Amino acid sequence: MTRARNAALGLALIAFAGAALQAGKPKLPDLDWYEDFRANEQVARWLLAYDWMAWKSSDLLMQEPAEELAQLGTEWFCYRADDAWHAVYGRYDADSDAYLPAFHYVYREESGVVRTDEPVDSRIALPYGRALRHSLAELPERVTRLGIRFNTYIRSLDDGTLEVWTLPAGQPDGRLVYGGDIRHVFDATGRRLLDTELNFTEFYVRHPDPVKEVNIRREELEVPGVGEIFFILAFGDQVDVTVWTRCALTKLLKVEGSEAWLHSLREIPECKKRRKKRNKQNQAR
């Protein structure tokens, strides 16, 4: 940052997180803040890996016969099993309550992404297909009417429930969209919706420009959400992103080929008061 920008933002630099700049955990006033951020980052990096598999497999998919592609539905998905990433394209048929796979691709380090005749496990495909169909139906009208392309991601959690994430995608005209994320949780069958989190206020569209700074204002949040972290990881080479949360700013820096998170405290009265209170609590322990 320039000296002028530092003065305007009124920041107190507190931590560089990442192997490139510092080992171990940064000394934040609230350890819960850091742990929550790391949890969101872990999800965002999983989404990024899923997104990579979807992108690579879709390149192969577009080479398939047009008449077969026309039969596909919106219920495609990726999953990781046996140290490999899989991408399955097909459709969920509600009348027969069946998932009909059409194309299956697999990525292994030794072979890259290739089409495979390996059968798709119906214990995965059917509940995934149901959950994806239902998650689309659960999207709020204020999202569906935007005319923006979104991507969906699905995975099975440790307790067997299914988690579906919906995030803005890169648009066909090259524009970038940011503003948050949507999360649905279904039971293990994909039939029953258990929880919904609408983590956004508005979605914004920007043209890529690595020189211009994009300020994502999420001051209703304590830490950057999964959608904000994913946007930085996926598109940080196309725009210079800063996320403003209630009492901190977050950026991703790249130093000699390595990535490092920069978290800076906001010097505003509310946050200074909260930090002072937190420090007293820590000293009393």
Side-chain angles (χ1 to χ4, degrees), residues 39-40 42-55 57-58 61 68-107 116-169 179-200 203 225-227 230:
N40 286 349
Q42 185 178 30
V43 176
R45 289 193 180 278
W46 170 80
L47 292 170
L48 196 67
Y50 189 120
D51 199 74
W52 182 90
M53 182 60 190
W55 170 44
S57 61
S58 66
L61 180 70
E68 295 183 40
L69 295 178
Q71 303 302 313
L72 299 180
T74 57
E75 303 86 14
W76 61 270
F77 56 87
C78 300
Y79 65 96
R80 186 170 175 80
D82 301 324
D83 295 323
W85 270 100
H86 298 257
V88 178
Y89 297 86
R91 65 184 177 89
Y92 170 69
D93 185 79
D95 293 334
S96 60
D97 188 32
Y99 189 84
L100 309 175
F103 303 101
H104 183 188
Y105 303 93
V106 63
Y107 168 75
T116 179
D117 292 327
E118 296 175 28
V120 178
D121 190 341
S122 62
R123 293 172 298 180
I124 295 176
L126 183 53
Y128 274 31
R130 290 188 191 118
L132 288 168
R133 172 67 66 87
H134 295 327
S135 69
L136 290 174
E138 292 292 337
L139 289 178
E141 183 184 356
R142 59 190 172 122
V143 171
T144 58
R145 71 186 179 194
L146 290 175
I148 293 172
R149 177 179 291 182
F150 286 80
N151 284 335
T152 56
Y153 310 78
I154 185 170
R155 65 176 177 173
S156 178
L157 300 178
D158 290 341
D159 61 1
T161 58
L162 302 180
E163 182 181 61
V164 180
W165 290 88
T166 303
L167 280 76
D181 56 74
I182 299 168
R183 176 178 178 265
H184 293 109
V185 179
F186 294 87
D187 70 356
T189 69
R191 289 190 174 96
R192 186 162 62 94
L193 179 65
L194 303 177
D195 190 28
T196 298
E197 295 179 8
L198 303 177
N199 182 24
F200 69 93
F203 289 103
V226 169
F230 177 84

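Note that this is a predicted model, so its numbers are computed, not measured. Numbering starts at 1 and runs along the sequence shown.
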Fill in: Residues in ring-ring contact (aromatic ring centres under 6.0 Å, His included) contact with Phe103, at least two apart in sequence or another chain
none
Fill in: Residues that Thr161 engages under side-chain hydrogen bond (donor to acceptor under 3.5 Å, both in side chains), provided they are two or more places apart
Asp159
Discussion item. Check this for me: Gln42, atom CD, are more than 12 non-hydrogen atoms of other residues, nucleotides or ligands nearer than 6.0 Å?
Written reply: no
Worksheet item: Which atom names give the shortest non-hydrogen contact between Met53 and Cys78, and what distance separates them?
Response: CG-SG, 4.0 Å
Discussion item. How close do His104 and Glu118 get, counting heavy atoms only, and between which atoms?
Written reply: ND1-O, 2.9 Å
Response to the item:
Rounding to 0.5 Å, atoms CG (Leu193) and NE2 (His134) come to a distance of 9.5 Å
Practice prompt. Apply the test side-chain contact (heavy atoms from CB on, under 4.5 Å) to residues Asp187 and Leu162: give CA-CA distance (whole Å), side-chain angles for both, the deciding distance (0.1 Å), then the verdict.
Written response: CA-CA 6 Å; Asp187 70 356; Leu162 302 180; over 6 Å; no
Discussion item. Before you tell me yes or no, could you show the steps for Trp46 and Leu48 under side-chain contact (heavy atoms from CB on, under 4.5 Å), namely the whole-Å CA-CA distance, both residues' side-chain angles and the distance that decides it to 0.1 Å?
Written reply: CA-CA 5 Å; Trp46 170 80; Leu48 196 67; over 6 Å; no
Practice prompt. Locate the shortest heavy-atom distance separating Leu167 from Gly180; write the atom from each residue and the value.
Written response: CG-O, 4.4 Å
Discussion item. Is any side-chain heavy atom of Arg130 closer than 4.5 Å to one of Thr189?
Written reply: yes
Worksheet item: Below 4.5 Å, heavy atoms only, C-beta onward: do Phe200 and Ile182 meet side chain to side chain?
Response: yes
Worksheet item: Which atom names give the shortest non-hydrogen contact between Ala84 and Val106, and what distance separates them?
Response: CB-CG2, 3.9 Å
Fill in: Trp85 vs Tyr50 side-chain heavy atoms within contact, under 4.5 Å
yes
Discussion item. Going by the rule ring-ring contact (aromatic ring centres under 6.0 Å, His included), which residues pair with Phe186 if we only count those two or more places apart in sequence or in a different chain?
Written reply: none
Worksheet item: Roughly how far, to the nearest 0.5 Å, is the CZ atom of Arg183 from the CG atom of Asn199?
Response: 10.5 Å
Practice prompt. Show your working on side-chain contact (heavy atoms from CB on, under 4.5 Å) between Leu136 and His184 and close with a plain yes or no.
Written response: CA-CA 10 Å; Leu136 290 174; His184 293 109; over 6 Å; no
Worksheet item: Hey, are Arg191 and Asp97 close enough for a salt bridge, meaning a charged N less than 4.0 Å from a carboxylate O?
Response: yes
Worksheet, complete the sentence: Closest non-hydrogen atoms of Leu72 and Ala102, given as atom of the first, atom of the second and distance, are CD2-CB, 3.6 Å
Fill in: Student check: side-chain heavy atoms of Arg192 and Leu194 closer than 4.5 Å
yes
Worksheet item: Going by heavy atoms in the side chains, are Tyr89 and Tyr105 under 4.5 Å from each other?
Response: yes
Discussion item. Quick check for you: to the nearest 0.5 Å, what is the distance between Trp52 atom CH2 and Ser57 atom OG?
Written reply: 9.0 Å
Worksheet item: Under 3.5 Å, is there a donor-acceptor pair between the side chain of Tyr128 and the main chain of Ser156?
Response: yes
Worksheet item: Is there a side-chain contact between Tyr99 and Asp93 (heavy atoms, below 4.5 Å)?
Response: no
Worksheet item: Between atom NE2 of His86 and atom CD1 of Ile124, what is the distance when rounded to the nearest 0.5 Å?
Response: 8.0 Å
Discussion item. Give me each pair satisfying side-chain hydrogen bond (donor to acceptor under 3.5 Å, both in side chains) with a member in residues 73-83, each pair once, sequence neighbours excluded.
Written reply: Glu75-Arg133
Practice prompt. Could you tell me the separation between the CG atom of Asp181 and the OG1 atom of Thr166, rounded to the nearest 0.5 Å?
Written response: 9.0 Å
Worksheet entry | Spatial distance of atom CZ (Arg91) from atom CG (Leu132) [nearest 0.5 Å] | 15.0 Å
Fill in: Pairwise side-chain contact, Leu198 with Arg142, heavy-atom cut-off 4.5 Å (strictly under)
yes
Discussion item. Going by ring-ring contact (aromatic ring centres under 6.0 Å, His included), name the residues that satisfy it together with Tyr92, two or more places apart in sequence or in a different chain.
Written reply: none
Fill in: For Arg123, all residues meeting side-chain hydrogen bond (donor to acceptor under 3.5 Å, both in side chains), sequence neighbours excluded
Asp121
Worksheet, complete the sentence: Shortest non-hydrogen pair, Pro127 vs Ser122, comes out as CD-O, 3.6 Å
